[in-house]
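The basis for the numbers below is simple: all heavy atoms, side chains too, and nothing from hydrogens, waters or symmetry mates. A quick note: this is a predicted structure, and the numbers were derived from the prediction, not measured.
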Amino acid sequence: FKGVECNGISIKITDRNKFDAVRFGLQLISSLLKLYEDKFIFNNDHFDKFVGNKNIRQMSLEEKTIDVIFDSWLNELENFKQTRKKYLLY
């Protein structure tokens, strides 16, 4: 398929215990935005619903680093973990 436009990529995960899907996804989006900034278009409504809010999309468009994006939800995640403890059975 050399030289043929394929409109996609194929990724093979060789060690799922070491693969961080969320970090990979953020890095992929960041790379696509840099490589194809004039062609890459978010389906805002769909993407925002998929990730839960518009913050990740906005930070990606603002070229925030992956670490900044990741850190942006850590406090909220910790609060959630504390809240859910009282509902866990095990």
So, taking the atom named [atom1] in [X] and the one named [atom2] in [Y], what distance separates them when rounded to the nearest 0.5 Å?
X: I66; Y: D71; atom1: CD1; atom2: CG; answer: 11.0 Å
X: D45; Y: N43; atom1: CG; atom2: CG; answer: 7.0 Å
X: E37; Y: L61; atom1: CD; atom2: CG; answer: 11.0 Å
X: L26; Y: S31; atom1: CG; atom2: OG; answer: 11.0 Å
X: K86; Y: R84; atom1: NZ; atom2: CZ; answer: 13.5 Å

- Message: Under the side chain to side chain contact (heavy atoms under 4.5 Å, CB included) test against F70, which residue among I56, V22, T65 passes?
- Response: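 One option only clears the test, and that one is V22.
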- Query: So which of Q27, R23, E62, M59 actually passes side chain to side chain contact (heavy atoms under 4.5 Å, CB included) with I69?
  - Reply: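 Result for side chain to side chain contact (heavy atoms under 4.5 Å, CB included) with I69: M59.
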Taking the side chain as everything from C-beta on, heavy atoms only, tell me whether [X] gets closer than 4.5 Å to [Y].
X: N44; Y: R57; answer: yes
X: F19; Y: T14; answer: no
X: F40; Y: L35; answer: no
X: L28; Y: F24; answer: yes

- Task: Please step through side-chain contact (heavy atoms from CB on, under 4.5 Å) for the pair W73 and N55, ending with a clear verdict.
- Result: CA-CA 9 Å; W73 70 68; N55 299 341; over 6 Å; no
- Test side-chain contact (heavy atoms from CB on, under 4.5 Å) applied to E63 and L33, step by step: CA-CA 9 Å; E63 298 182 3; L33 280 168; over 6 Å; no
- Message: Is there a path of hydrophobic side-chain contacts, each under 4.5 Å between heavy atoms, that joins F50 and L32?
- Response: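 Cluster IDs for F50 and L32 match.
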- When you look at CG of N75, are more than 12 heavy atoms from neighbouring residues, nucleotides or ligands closer to it than 6.0 Å?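 Count not over threshold, so no.
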- Query: Is the number of heavy atoms from other residues, nucleotides or ligands within 6.0 Å of CD (Q58) greater than 12?
  - Reply: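 Yes, because the 6.0 Å sphere around CD of Q58 holds more than 12 heavy atoms from other groups.
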